Amino acid sequence: MHEMGIALEIIDIAIASIPVGMENFNIKKINVRLGQMSSVNVENLMFCFDAVSKDSFLSKVDLSLEVIPVVIKCQDCGTRRTIKKPIFVCKKCGSNSLKILSGKEIEISSVEIKERE
Amino acid sequence: MQSSSDPRGICQGYFFHDSSYNKNSLEIDKTKNREVIATKRILNVNDTIAKGMRAKFRDKKVFVLNMMSSPGSGKTTLLRKTLQIVMQDIECAIIVGDICTTNDADRLSGTGAEVIQINTDKFGGDCHLTASSVGRAMESIDLDKIDVLIVENIGNLVCPAEFDIGENKKIVVLSVTEGEDKPEKYPLMFRESDVVLLNKIDLLPYLDFDIELTKRIIKRINPNISIFEVSAKTGSGFDLWTNWLKNQVVLKPKVDKFGGKLD
C-alpha cells in the first residue's frame with residue numbers, strides 16, 4: 001500500500017548515487033532487494049515506479065527486483081533454514097529462539113549507470 | 001521498461017540470484033558502464049528521523065508505544081479505557097492517525113490526556129504514520145510533562161509494521177471477531193510487535209473463535225510476544241495490561257508550571 005512512496009524514494013536514491021562530476025549519463029538499471037517478509041508488493045511497486053518515471057529521463061530504467069527468501073538461524077543448535085511459511089520454530093531441535101538472517105530487506109543494492117561518450 | 005499496461009512483462013526483472021557483487025565498492029569497466037554500489041535501505045530517510053526521535057524521547061524519559069491493528073479492532077475504545085485507569089498514576093499524551101475525520105480524537109477527549117490528531121491525506125502516505133508525521137505532531141506536546149506517549153496508528157496490519165516512528169514498543173490489537181489465522185496472514189506485524197492485546201473477549205461466548213489456537217499461532221510467529229486478553233467494553237483483563245504499561249514507565253517528578261516540584 002505504500003509502494004508509491006517507496007518508488008519515489010528509489011528515484012531519489014538513484015539520482016543521489018550519480019557520481020559527482022558525471023554529466024553525460026544514463027541510469028540503466030536499479031537493483032532492488034525485497035525480502036519476502038517485507039510488506040512490499042512486487043507488482044504494485046513495478047506499477048508505481050513505471051507511473052512516476054514515465055516521461056522523465058528515468059523512463060527507460062530497468063527496475064530489477066530481487067526477492068530475498070526468509071532465512072532463519074536457530075540460536076540453540078545453529079541450523080540455518082529457508083522458510084516458506086511464517087512458522088518460527090526450529091525443525092531440528094524445536095527451539096523457538098531464532099534469528100532472521102534475511103527476508104526483511106527493502107533496499108537498493110546498486111545502480112547501474114552508463115556514461116555516454 | 002515496458003508499458004504499465006503489461007505489469008507481468010515489467011516483472012521480468014523479478015528473479016533470484018546470488019548477489020555477491022554487493023561486496024564490491026565501485027566497479028568501472030571499459031565500456032564506461034558503472035555500477036555504483038551502495039546498499040541503502042529505501043526507508044533510510046524514515047529510519048534516520050525515527051532514530052533522532054527515539055533519542056529525544058529517551059532524553060526526555062518518555063515511553064513511546066506504537067499501537068497498531070486492523071480497522072475496527074477497538075483501538076480507540078481500548079485506549080479510552082486504558083487512559084481512565086492509568087491517568088491517575090501516569091501522564092499520557094496520545095497521537096491518533098486517521099486518513100480522514102477527527103472522530104478518534106473526539107472520542108478520546110475528556111480522558112485528561114492531551115490528544116493530537118494526524119490526518120494523512122498526502123499522496124502515498126495514507127496507510128501508515130511515518131516518523132516525520134509523528135515528529136510534526138509531537139512538536140505541540142510538552143515532553144517534559146508526560147511519561148507516556150501512545151501513538152494510535154492507522155488501522156492497517158501491513159504498512160505500519162514497516163515504519164519506525166521512534167517508539168520503544170510496538171503493540172498490536174487483534175479482536176476476536178477477526179479470525180484465528182490473521183497473524184499468519186500478516187506475519188511481519190506480529191513478528192515485529194512486543195505485545196498483542198486480544199480484544200473484545202466479552203464476545204467469545206457468541207463466536208466460534210478459538211482463542212487458544214490464536215495464541216499458539218501468534219507464539220509460533222513470535223515466541224517472545226506478551227499476550228493479554230482484554231475487553232474494552234467490560235474492562236476484563238485490564239489489570240494485567242495496565243500493569244504491564246505502568247511497569248514500562250519511569251515516572252517523572254511532578255512539577256508545577258514554574259518548574260517547582262510538587263508532591
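Only a predicted model underlies this, so the values are computations on that prediction, with no experimental measurement involved. In what follows, every chain begins at residue 1, and chains take the letters A, B, ... in the order their sequences are listed.
At least one donor-acceptor pair under 3.5 Å links the side chain of B/Asn168 to the backbone N or O of B/Val64. Side-chain N or O atoms of B/Gln248 include one that pairs as donor or acceptor with a backbone N or O of B/Trp244 at under 3.5 Å.
Counting heavy-atom pairs closer than 4.5 Å to chain B, the top-ranked of the candidates A/Cys48, A/Pro86, A/Gly103 is A/Pro86. Between chain B and the options A/Glu105, A/Lys28, A/Met22, heavy-atom pairs under 4.5 Å are most frequent for A/Met22.
Under 4.0 Å is where a charged nitrogen must lie from a carboxylate oxygen, and between B/Lys200 and B/Glu229 no such pair does.
Rounding to the nearest 0.5 angstrom, the gap separating the CG atom in B/Leu43 from the NE2 atom in A/His2 is 6.5 Å.
Only the side chain of B/Phe163 comes within less than 4.5 Å of a heavy atom in chain A; its backbone stays farther off.
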